[in-house]
Amino acid sequence: MISFNNTEIAFKHKSNKDLKRAHFLFSVMASPFLVKSGKGLTRFGLNTGLPIKGIIKSTIFEQFCGGETIEECSVTIENMWKYHVGTILDYSVEGKTRVEDFEATTKEIIATIHKAKGNPSIPFAVFKVTGIARFSLLELTNSGLEGISAEDLNEYHETVERINRICKEAFNASVPVFIDAEETWIQDVIDRICHEMMLQYNQEKAIVFNTVQMYRHDRLEFLKNSIAWAKAKGIRYGVKLVRGAYMEKERDRAAEKGYPSPIQPDKKTCDTDYDRALEFLLEPENYTQMALCAGSHNEHSSAYLADLIAKKGIDKTDQHIYFAQLLGMSDHISYTLASQGYNVVKYVPYGPVKEVIPYLFRRADENTSVKGQTGRELKLIEEEIKRRKGS
């Protein structure tokens, strides 16, 4: 299997200054106390108007975000593409509730599609439905539209219209678009809308991608049913396969409301289902029906997919398969795969500093909670700093 231990390849795109910043941040994120304290101080500073934007922008924002605007992301896009790592521009403003904000976000997502059109360094676009719709509306319509008020029904149709506008732009620009997964109690309605969009736009190729979170114990069956559905409809199924991002929240809510947890019983089971999903998608009878983006920071799963590609005799450059990681994380996976000829992209979040703070807090929490992840990042960064000093 492929090895991810070559730090020269992993960090060749980073300056010494970049490495030192990354080392500092991952050292902080190794401590739950420091992360909690840092989040509290950041909230206090922003709420009281302290001039801390510059500090945030030069540290955690610069590590995990491409810029405040699409144009500010240009340097990151170009720098990654020198090493054959593509970009997915991810407008990471969230938590809005007004129609005006939803419309503004829709226009911004469409702007990312226009930026990607005909640009090989930006092979995909992405959006979250909660960026363009009220969370409570999605919760209300998750089990269907029966019994909801005329006002809510109208708002639902307006939401679908925004999603359709984005997908239509993606279709016309020939830029595949990912619809991100969210919490279980709003995911059914997102799946339904996503499948509606696939019926319209995935006749010839996978333009609309659904996101499947394998930390849910029901998703392997869902994936198999979805591929069978796509075959019956004669369309291509686009799937972004991830482990997931809402595990603690899901378990807490299930315990609070007294229903069975939708989450896998342990990490091993989640990892097994993720790899089984990769195997299923690459079976000859399924491979021609789908397009896959494997979003993973897991070294084993990334190596396993590379191994499957070789065993199945699939060309590394086949556009049916991409690997994906987040900007600022797992460079040893991204740049190693790209150096060996695989299709690789990174999510590049962007937006005004204050608006992307919730995203940045999640990255800090994730790196604190994922066992071994931060330690692995730190170890590799330290090895590269030592290697450069010795060279």
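Model, not experiment: these values are computed from the prediction.
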Value rounded to 0.5 Å, distance of [atom1] in [X] from [atom2] in [Y]:
| X | Y | atom1 | atom2 | answer |
| --- | --- | --- | --- | --- |
| Leu305 | Leu282 | CG | CG | 6.0 Å |
| Ser27 | Glu382 | OG | CD | 6.5 Å |
| Thr7 | Lys14 | OG1 | NZ | 13.5 Å |
| Asp101 | Arg134 | CG | CZ | 13.5 Å |
| Glu158 | Glu103 | CD | CD | 8.5 Å |
| Asp275 | Met214 | CG | CE | 9.5 Å |

Exercise. Between the side chain of Glu68 and the main-chain N/O of Val353, is any donor-acceptor distance below 3.5 Å?
Worked result: yes
For this session: Without swapping roles, check the side chain of His297 against the backbone of Leu326 for a donor-acceptor pair under 3.5 Å.
Result: yes
With a 4.0 Å cut-off on N to O distance, would you call [X] and [Y] a salt bridge?
| X | Y | answer |
| --- | --- | --- |
| Lys17 | Glu62 | no |
| Lys268 | Asp266 | no |
| Glu8 | Arg388 | no |
| Asp180 | Lys240 | yes |
| Arg387 | Glu384 | yes |
| Glu299 | Arg376 | yes |

Geometric class of the [Y]/[X] ring pair [parallel <30°, tilted 30-60°, perpendicular >60°]:
| X | Y | answer |
| --- | --- | --- |
| His332 | Phe4 | perpendicular |
| Phe11 | His13 | parallel |
| His195 | Tyr237 | perpendicular |
| Tyr287 | His320 | tilted |

Exercise. Has Lys117 got more than 12 heavy atoms of other residues, nucleotides or ligands less than 6.0 Å from its NZ?
Worked result: no
Problem set entry | Glu221 atom CD: more than 12 heavy-atom contacts under 6.0 Å | no
Exercise. Of the options Asp271, Thr272, Leu278, which is the one that meets Tyr274 in a side chain to side chain contact (heavy atoms under 4.5 Å, CB included)?
Worked result: Leu278
Problem set entry | Step-by-step side-chain hydrogen bond (donor to acceptor under 3.5 Å, both in side chains) determination, Asp18 to Ser15 | CA-CA 5 Å; Asp18 292 335; Ser15 67; 3.2 Å; yes
Exercise. Are any of the side-chain heavy atoms of Gln187 and Asn210 separated by less than 4.5 Å?
Worked result: yes
Exercise. Within 45 degrees of the axis of the six-membered ring of Phe24 and under 6.0 Å from its centre: does Arg21 put its NZ or CZ there?
Worked result: no
For this session: Mind checking ring pair (Phe, Tyr, Trp, His ring centres under 6.0 Å) for Phe127 and listing every partner two or more places apart, or none if nothing turns up?
Result: none
